[in-house]
Structure formats: structure tokens, C-alpha cells
There are 2 protein chains.
Amino acid sequence: MIDNSDGKETKMETPAIPTLDAQLCFAIYSAAHAFTRSYKPLLDPYGLTYPQYLVMLALWEEDGRTVKALGGSLGLDSGTLSPLLKRLEASGYIARARDRDDERQLLVTLTPRGRDLGGEAAGIRAEIGRATGCAPGVLEELTAALRRLTDNLKAGEDTQADAA
Amino acid sequence: MIDNSDGKETKMETPAIPTLDAQLCFAIYSAAHAFTRSYKPLLDPYGLTYPQYLVMLALWEEDGRTVKALGGSLGLDSGTLSPLLKRLEASGYIARARDRDDERQLLVTLTPRGRDLGGEAAGIRAEIGRATGCAPGVLEELTAALRRLTDNLKAGEDTQADAA
DNA sequence: CAAAATTAAATTGTGTCCAATATAATTTTG
DNA sequence: CAAAATTATATTGGACACAATTTAATTTTG
């Protein structure tokens with residue numbers, strides 16, 4: 001802490017606390033909420049929430065995955081995924097079945113309806129891309145920068161464990 | 001939908017669905033979670049959650065605000081803020097009192113302990129800044145880019161209302 | 001001025017998230 | 001091979017987040 005050399009009091013009144021709007025963490029927090037809100041009217045007709053849509057994206061990328069594998073891709077654990085997957089099953093987009101070779105594992109597979117949704121969702125992706133108001137190149141750069149940031153933060157979590 | 005002019009089948013099998021990792025919305029979603037997780041061990045000693053910390057930031061910036069005003073800064077409504085503010089009060093960081101001039105409004109003010117926390121939190125900010133692994137200039141640019149993006153998305157929400 | 005409209009918070013219900021625990025199946029070890 | 005350790009998923013409890021409703025106070029209007 002820098003000394004307030006011309007002040008008389010020992011404790012400083014308000015020691016340069018950054019503005020909410022100046023903080024990257026808040027910019028990301030706000031952007032995440034803005035994305036969720038933008039997706040909502042596009043996903044509502046399909047009865048999907050935004051996190052559910054992310055799970056569908058993961059399954060369109062690779063079908064027939066376990067809860068563990070999905071959780072790895074999405075950064076979520078079974079506490080979040082278990083009930084979410086039940087809702088996706090109730091909506092008719094996925095099927096849940098135990099792996100015959102390892103009954104601990106649950107295999108999540110797309111139903112025909114869930115698979116078809118991937119094509120129908122092209123309109124959603126186009127609409128969102130438009131809503132960002134950014135050129136594709138800018139979006140890619142931002143995405144890459146955020147992934148680097150996320151990786152750094154994740155690495156820091158481990159480091160902290162040592163320090164603590 | 002665009003016609004698949006050289007294909008024979010009416011429906012395309014898998015029409016170029018982007019990877020999870022290629023999507024900006026998921027990069028932001030992941031970064032937001034990573035920040036929350038990075039903050040957690042730093043905020044736990046104070047009994048604060050990350051959203052509660054954001055409210056404190058807003059109050060350090062301007063004390064004595066109404067729920068409505070806080071919600072405007074944070075992008076949250078009373079449904080989220082009402083219970084959260086009660087928890088902050090229970091933790092001793094803020095006081096909640098009705099505005100004498102307009103009994104509908106609730107004035108949220110920092111307690112001495114809440115005010116002091118702003119200074120103590122300097123260590124948290126330093127630690128997080130370090131954890132991002134980014135130069136200050138990069139952080140500022142990212143913040144600005146995300147704010148533009150968020151503004152665009154918010155503007156799009158209104159546009160959509162017209163179209164729908 | 002009184003009824004109607006508006007506004008600010010609080011409440012309720014649904015759906016994430018995460019931590020901690022429980023349950024069940026598999027693998028490792030003695 | 002049987003007990004112990006590990007692994008995968010499910011469940012429980014606390015805290016957001018948001019839509020919709022409710023309540024109370026204020027403002028607008030007739």
C-alpha cells in the first residue's frame with residue numbers, strides 16, 4: 001500500500017477501489033448474462049434453457065458420451081448435470097442409459113428429435129452472431145483471448161492450493 | 001433454409017454445427033465460472049459469495065443506494081437482490097432501511113465493517129489480477145471489447161421484441 | 001380529492017451451480 | 001478371492017438468476 005504522504009490521518013478514507021465497470025470480471029459476468037438473455041427468446045420455442053443448449057452442442061459434437069465426459073467438456077459436475085439431463089430426457093432430446101460394460105456410467109445419446117434440432121438451430125446461431133454486432137474475426141479473437149484467460153485462472157486455482 | 005443443390009437427399013445429415021470451444025458464448029460462460037471459482041477461496045474468509053462481492057463493489061463506488069439503483073448497475077432485479085441483501089445484512093456488511101421520503105424504496109448503506117472491507121479487499125484484487133496472467137493493458141482492452149459486445153447484445157434484445 | 005395507474009420491493013416457483021454426502025459398481029490389494 | 005479403495009452418478013442443501021405475482025407506497029388523472 002502506498003503512503004498518503006501529505007495526509008495526516010493514519011488510515012486512508014477510500015483507497016482507490018476500482019469501479020465496477022472497470023473490472024474485467026464484471027464485464028465477463030455481464031456479458032454472460034447478456035448472452036443468456038439473448039438466447040432465451042430463441043431457445044424458448046424449443047423448451048431449452050441456455051445450459052441445456054450447451055449440453056446439446058456438446059452432444060452434437062460427439063454423441064453417446066458419459067456424464068463425466070460431458071462434465072469435462074462443459075466444466076460441470078454431476079450435481080448440475082444429473083437433473084439437467086433428466087429434463088433434457090423429459091423434453092425428448094436425449095436418452096439416458098447405463099453402460100452395459102460399466103454400470104456406473106450413464107451414456108447420454110441424442111434422440112432423432114435431438115439430432116434434428118442441431119440443424120434447426122442454425123437459425124439460432126445466425127441470429128446470435130448477428131446480435132453480437134461483431135465481425136467474425138473479432139469474435140474469434142475474443143474467444144481465443146477468453147480461453148487463454150480461463151486457462152490462466154484455472155492454473156491459478158491449483159497454485160493457490162499450494163500457497164494456502 | 002438454403003437448398004443443398006448438389007445433394008440428392010432432402011435433409012442434410014449434419015450441417016456444420018460449430019464446436020463448443022469455437023463459440024464465444026461458451027468462452028464467456030467458462031470464463032465467468034473460472035472467475036467465480038478463483039474468487040471463492042479469496043472471498044470465503046470474509047463469508048462473501050462472488051455476487052455479494054459485486055454488490056459490495058457497487059456500494060464502495062457509491063454508498064446509500066436503492067435496490068433499484070444497485071440493480072441497474074449490476075443488471076439484477078429485486079428477485080435476486082432482495083434475498084442477497086438480507087444475507088449481506090446478516091453478515092454485518094450493510095444496513096437496510098426504508099427511505100423516509102419514499103417508503104417504497106430501500107436504502108442500502110455500508111456498515112463501518114462493510115466500508116473497511118473495501119480496503120482489505122485490495123489483496124483480493126491484486127491476487128485476481130495476478131491470476132489472470134494478463135498485462136493490465138490487455139485486461140483493459142478485453143474489458144472494453146466485452147462491454148461493447150454486451151451493449152450490442154442488449155440492444156438486440158429490444159430489436160427482437162419488435163420483430164417478434 | 002379519490003380512483004386508477006405506476007413504481008419499488010418482496011415473494012414464489014423453476015432451473016442452474018457448487019459443495020458435501022450417499023449409493024452403487026468396479027478396481028486394487030492383501 | 002474378499003476387503004478396501006476408487007470411480008461414476010445421484011441426492012441434498014445453500015445461493016444465485018429470472019419470470020411472474022403480490023404488496024405497499026406514490027403519482028397521475030378524472
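The figures that follow rest on heavy atoms only: side chains count, while hydrogens, waters and symmetry mates do not. Convention: sequence-line order gives letters A, B, ...; per-chain numbering from 1. The structure presented is a predicted model; accordingly, all values stated were derived computationally and were not measured.
- Between the side chains of B/Ser73 and B/Arg65, a donor-acceptor pair is found at a separation under 3.5 Å.
- Nucleotide D/dG30: paired with C/dC1 (Watson-Crick or G-U wobble, both distances less than 3.5 Å).
- Residue contacts shown for B/Gly71 are absent, as no nucleic acid heavy atom lies under 4.0 Å away.
- Atom CD of B/Glu120 has more than 12 heavy atoms from other residues, nucleotides or ligands within 6.0 Å.
- Of all non-hydrogen atoms in A/Gly64 and A/Leu107, the two that sit nearest each other are O-CD2, 3.8 Å.
- When Watson-Crick and G-U wobble pairs are counted only if both distances are under 3.5 Å, D/dA8 pairs with C/dT23.
- Considering only residues two or more places apart in sequence or on other chains, A/Asp77 meets the salt bridge (Lys or Arg N to Asp or Glu O under 4.0 Å) condition with none of them.
- Figure legend. C/dT16 is base-paired to D/dA15; pairs are counted as Watson-Crick or G-U wobble with both atom distances under 3.5 Å.
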Verdict with supporting geometry, B/Arg147 and B/Asp151, salt bridge (charged side-chain N to carboxylate O under 4.0 Å, His left out)
CA-CA 6 Å; B/Arg147 211 160 35 227; B/Asp151 289 344; 5.9 Å; no

Take nucleotides 7-15 of chain C nucleotide by nucleotide from the 5' end and write B, S or -, depending on whether a protein heavy atom sits under 4.0 Å from the base, only from the sugar-phosphate, or from neither.
BSBBB---S

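- Taking the six-membered ring for Trp and the full ring otherwise, A/Tyr29 and B/Phe35 have centroids separated by 6.0 Å or more.
- The nearest heavy atom of DNA chain C to A/Tyr50 and to B/Lys40 marks one nucleotide each, and the one closer to the 5' end goes with A/Tyr50.
- The two atoms that bring A/Thr150 and B/Ala27 nearest to each other are OG1-O, 4.2 Å, heavy atoms only.
- For DNA chain D, the contact window with chain B, defined by any atom under 4.0 Å from a protein heavy atom, covers D/dA15 to D/dT26 in 5' to 3' order.
- In this structure, A/Asp99 places its CG atom 19 Å from P of C/dA24, rounding to the nearest Å.
- Side-chain contact of A/Arg113 with A/Ser91: a donor-acceptor pair under 3.5 Å is absent, judged by distance alone.
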